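Here the structure is a predicted model, which is why all the values come from computation and not from measurement. We count ligands from 1, going down the list as the structure has it; atoms in each ligand are counted the same way.
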Amino acid sequence: MKNSLLFLIFIALWFNCFSQTYTPPSDPKVTANLAQWGDKKFGLFMHWGIYSIPGIVESWSINSEDADWIPRDSTKNYDEYKKWYFDLNKQFNPVKFDPTIWANYAKKAGMRYVVFTTKHHDGFSMFDTKQSDYKVTNAAVPFSLHPKANIVKEVFTAFRDQGFMIGAYFSKPDWHNENYWWPRYATPDRNNNYDIRLHPQRWKNFKQFTYNQLEELMTDYGKVDILWLDGGWVRPKATVNAEVLSWGAPIPAWDQDIDMPNISKMARAKQPGLIMVDRTVHGEYENYQTPEQKVPEKPLDYPWETCMTMGNAWGYVPNDNYKSTNTLIHLLVDIVAKGGNFLLNIGPKPDGTLPEPALQRLTEIGAWMDINKEAIYATQPIAPYKTDNVCFTRSKNGSIYALYLLDEKIKLSSKITIKSPPKMPKKLTLLGVKSTIKWRKLGDNLEVILPVGIRYLKHALVFKLD
Ligand code: FHN
């Protein structure tokens with residue numbers, strides 16, 4: 001008896017260690033919203049804050065960790081630099097800010113949801129919070145006098161008016177808040193800088209501050225569909241796993257538990273069906289996973305979204321190196337063929353406009369989506385997902401698409417091969433072309449004779465296999 005009980009305990013522990021890191025939502029409203037979100041496929045991520053003024057990395061340069069990806073003006077000592085950074089709020093004045101222009105470009109690009117930074121790690125709130133004076137609507141900020149000073153409200157309204165699902169990015173850590181980075185002590189790394197076990201009231205105060213700010217965002221800013229929580233090192237210590245250790249940051253001896261059950265109960269009371277993304281913490285408050293700056297090798301059997309910068313930086317930096325339209329469309333196709341969503345990030349400039357190269361890419365992506373969107377929206381993956389440079393998708397009515405990725409540097413031949421398509425079609429069409437397409441079966445492959453005069457079809461040819 002004793003041995004079989006021990007064996008059962010061993011199996012349960014083993015399974016728990018290696019079981020999926022995904023917990024499906026138990027609330028049917030969340031499940032329904034997740035399905036709606038999954039059909040949208042393409043979203044706009046926006047990092048905008050005081051870091052956009054000098055055009056530097058968002059928040060991280062005030063963190064003391066010594067990492068090559070955290071550049072800092074080394075002519076200033078740390079305390080001087082930190083004061084300089086935190087004082088950037090006094091220069092924030094994006095006089096050309098007009099989120100309807102942003103929303104129009106994003107919609108024309110085929111984007112259908114937005115995730116906007118309400119507050120990044122630096123603690124500067126881009127909304128009229130009552131919990132802190134470190135906010136865009138405070139008199140110290142030149143833009144506070146502008147009629148559109150409550151930026152989050154303006155952005156959410158403009159994109160919602162264009163039919164977008166609305167996502168609120170919110171940083172769990174707040175490096176400006178005295179109950180996260182207590183001014184009594186140095187700030188050696190990204191974590192809170194005091195032992196919570198010795199100062200429980202201070203962490204209790206921070207939990208309440210965080211709860212109150214999230215309650216404002218869930219109450220006063222209209223319908224919010226996604227709560228996208230960043231700063232995964234703020235988590236129950238018991239959830240620290242290999243992924244967290246891979247970040248190379250110190251792991252405190254105490255718990256930085258922000259009380260997600262309490263936050264979730266409030267947030268979903270205010271926003272029924274709210275999709276919650278407690279990034280990298282996994283569990284019941286991470287309704288989808290968010291591989292960052294990468295695309296999984298294979299389809300994943302749970303909801304996921306690749307978040308990626310259009311350039312190299314999340315916030316605006318001058319002369320950023322933007323990915324080509326061809327690359328961006330190929331990323332979108334690859335992600336969708338594997339069952340994911342593509343959350344593509346643009347950092348607005350300090351004057352409130354979007355960088356020209358970003359606008360050009362949004363326009364070009366939109367031209368491709370205008371012709372080929374039926375192979376993207378509301379599709380599901382279908383084996384073999386991708387063979388060579390061809391990705392496959394399947395629409396809800398059963399239509400199958402082969403998306404043949406074009407290399408801009410190689411002249412397209414008159415005959416192409418689609419290897420091992422999910423099925424041999426009775427009829428083959430090329431989206432954007434009225435003439436019939438000639439093809440023949442070659443073993444398991446499809447050989448297609450391309451019609452002449454299709455040079456206007458760029459980036460990927462999309463065949464419909466009926
Ligand atoms: O630390 C942040 C980073 O600054 C940026 O906001 C990205 C966007 O996904 N999230 C965190 C890093 O994973």
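Side-chain atoms of Asn177 and Phe206, non-hydrogen and from C-beta on, do get closer than 4.5 Å to each other.
For residues 39-49, every residue pair satisfying the side chain to side chain donor-acceptor pair (under 3.5 Å) rule, not counting sequence neighbours, is listed here: Asp39-Lys396, His47-Asn345. Among residues at least two apart or in separate chains, salt bridge (Lys or Arg N to Asp or Glu O under 4.0 Å) pairs with a member in residues 104-131 are Lys119-Asp174, Asp128-Lys130, Asp128-Lys135.
Aromatic rings of His121 and Trp233 (six-membered ring for Trp) have centroids within the 6.0 Å cut-off, being under it.
Partners of Lys338 according to the side chain to side chain donor-acceptor pair (under 3.5 Å) rule, which considers only residues two or more places apart in sequence or in another chain, are Asp334.
Ligand 1 is surrounded by Phe45, His47, Glu58, Trp60, His120, His121, Tyr169, Trp228, Asp230, Arg279, Glu292, Cys307, Trp314, each with at least one heavy atom closer than 4.0 Å.
Ring geometry for Tyr134 versus Phe86: interplanar angle over 60°, hence perpendicular rather than tilted (30 to 60°).
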